[in-house]
K.L.:
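The structure's right below; bear with me while I get my questions together.
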Number of protein chains: 2
Amino acid sequence: MAQRSKRPAARASRASAARAAGRAGTGRRDELLTIAADLFATGGYASTTVRDIADAAGILSGSLYHHFSSKEEMADAILSGFLEDVLAQYDEIVAAREPARETFAALVSATLLAMDRHQSAVVIYQNDGRQLAALERFAYLRDAGGRFEAAWTEVLQRGIDEGEFRRSLDVPLAYRLIRAALWTVASWYRSGGEHSAPEIADHYVAMLLDGIARGRRKKAKD
Amino acid sequence: MAQRSKRPAARASRASAARAAGRAGTGRRDELLTIAADLFATGGYASTTVRDIADAAGILSGSLYHHFSSKEEMADAILSGFLEDVLAQYDEIVAAREPARETFAALVSATLLAMDRHQSAVVIYQNDGRQLAALERFAYLRDAGGRFEAAWTEVLQRGIDEGEFRRSLDVPLAYRLIRAALWTVASWYRSGGEHSAPEIADHYVAMLLDGIARGRRKKAKD
DNA sequence: GTCTATAGAGGGATAGAC
DNA sequence: GTCTATCCCTCTATAGAC
């Protein structure tokens, strides 16, 4: 991990940094979680030490244990907050039962807006989720994965049944492609960068639904 | 990491396991690299210890240093072998200058076949590449990323210029979607599973080029 | 090529003062 | 809420015997 000065430095703009990262940032705990999330996302959960987090927060490592009982608890708080948020939105969208194309676009938008609000958490979920999910404490990560898959599988199958999506589609493969396309945005997205999250959503919906090629299909009976 | 018995166990089928994983497996070094690659891919580079690797190989950790001078050297050998292989194929395909659609399909195929041959390496490249690339020793990972991007950017732009791909395409965004879709296959693919690598390639080419929706576009002048 | 034995650094976490 | 001080463990890597 990067070196940091042994002793604090500017505590000044930490609260605003927390707000910019999309968290409420009311208490010290949330502030520390934002700092930890940034470090976990940048350097990986396993390679980030509690001393790294304490240094970035301008305190000593022992002091972190006044707020959290373990390093795992920090990752837990970061991930569960993000997942509750995004899954609640998935449930609403699926329950609305709009036509498949509209539901599809709504799920893409909801995913990328959640990514914008919880960027660090999404990166951690992507990079470290599989290993964390092996721990009992993070069993809910497996459930969350199942709920994502169920939502997308439902829309894709419904789209095929209703004649909106290609009959030749392999639903599990399509889900994996979509999942990869959406969540990995978190690893390169920069808030305030070239494209806003809704702009990316529009481009992605267009590419995923209609493809990158113009008109012409090779097989006619799709 | 998972617990393993303190003392060796079956050395019997290790060579065949190495062959099944797609490596030549001629010497002891390659055998150990295959074992290390599997563990790095499953548990992450940072969380996999040299003792884990030694245990899986049925030797003690000190003995590994007869074959490798460091843990980094193992990751280096695994990743550089994979990247040399796949980038050589990319160069051939781009140099052939087939029509954009054909080049596109060839790149997808080459990527997924390389993924099949070097599955563990691809998983490591995906999960740990960013952090490893920060080390001087792994600077070539950054170069490799640039060459992947250059190849895809060239095809995509040429496809637009030749009228095969949509004019509304944002090339960098399209590249990122494609990159995510292809490399993440390594994290769920099982050799001998439901779909072979070429079958996945066909499905992915169809979805990426022509989309998952049937006919009808919303905007006509794409 | 593997083992024994261990150095030396850095990790997560704790107890109690302030 | 933070600091001091430190425990105990695990990690990578080394030296030399077999």
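The shown structure was predicted, so the numbers you read here are calculated from the model rather than taken from an experiment. Residue numbers begin at 1 in each chain, while the letters A, B, ... track the order of the sequences.
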K.L.:
What pairs of donor and acceptor atoms, side-chain ones from residues 81-89 of chain A against any protein atom, are under 3.5 angstrom apart with sequence neighbours left out?
P.N.:
unit_1  : atom_1 : unit_2   : atom_2 : d
A:Asp85 : OD1    : A:Arg117 : NH2    : 3.4
A:Asp85 : OD2    : A:Arg117 : NE     : 3.0
A:Asp85 : OD2    : A:Arg117 : NH2    : 3.2
A:Asp85 : OD2    : A:His118 : NE2    : 2.6

K.L.:
Summarise how protein sits on nucleotides 12-18 of chain D as a single string, 5' to 3': B when a protein heavy atom is under 4.0 Å from the base, S for sugar-phosphate-only contact, - for no contact.
P.N.:
BBB----
K.L.:
In this structure, how many angstroms lie between the P atom of C:dG12 and the CG atom of A:Asp55, rounded?
P.N.:
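The answer, rounded to whole Å, is 12 Å.
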K.L.:
Could you check how far CG of A:Leu60 sits from P of D:dC3, rounded to whole Å?
P.N.:
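After rounding, the gap between these two atoms is 4 Å.
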K.L.:
Roughly how many Å is it from CD1 in A:Ile53 to C1' in D:dT2, rounded to a whole number?
P.N.:
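Taking atom C1' of D:dT2 as the reference, CD1 of A:Ile53 is at 17 Å.
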K.L.:
Identify the two heavy atoms, one from B:Ser109 and one from B:Ala201, that lie closest to each other, and give their separation to 0.1 Å.
P.N.:
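That would be OG-CB, 3.9 Å.
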K.L.:
Quick one: is D:dG1 close enough that its OP1 or OP2 comes under 4.0 Å of any side-chain N or O from A:Arg29?
P.N.:
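Checking A:Arg29 against D:dG1: no side-chain N or O falls below 4.0 Å of OP1 or OP2.
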K.L.:
Only pairs at least two apart or in different chains count here, so list each ring-ring contact (aromatic ring centres under 6.0 Å, His included) that has a residue in residues 42-80 of chain A.
P.N.:
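Non-adjacent pairs meeting ring-ring contact (aromatic ring centres under 6.0 Å, His included): A:Phe40-A:Tyr45.
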K.L.:
Do side-chain atoms of A:Thr48 reach the backbone of A:Leu39 as a donor and acceptor pair under 3.5 angstrom?
P.N.:
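Yes, A:Thr48 side chain to A:Leu39 backbone: donor-acceptor pair under 3.5 Å.
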K.L.:
What is the distance, to the nearest angstrom, from the CD1 atom on A:Ile59 to the C1' atom on D:dT2?
P.N.:
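Atom-to-atom, A:Ile59 to D:dT2, this comes out as 7 Å.
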K.L.:
Just the rounded figure in Å: distance from C1' of D:dT2 to CG of A:Leu32.
P.N.:
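That distance rounds to 11 Å.
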K.L.:
Can you tell me how far P of C:dG1 sits from NE2 of B:His67, to the nearest Å?
P.N.:
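For the pair B:His67 NE2 and C:dG1 P, the rounded distance is 6 Å.
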K.L.:
Does a nitrogen or oxygen in the side chain of A:His66 sit under 4.0 Å from OP1 or OP2 of D:dT2?
P.N.:
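Checking D:dT2 against A:His66, no side-chain N or O comes under 4.0 Å of OP1 or OP2.
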K.L.:
Do B:Tyr175 and A:Trp188 have ring centres separated by under 6.0 Å?
P.N.:
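That pair fails the under 6.0 Å test.
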K.L.:
Rounded to the nearest 0.5 Å, what separates atom CG in A:Leu173 from atom OH in B:Tyr204?
P.N.:
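So the gap between those two atoms works out to 5.5 Å.
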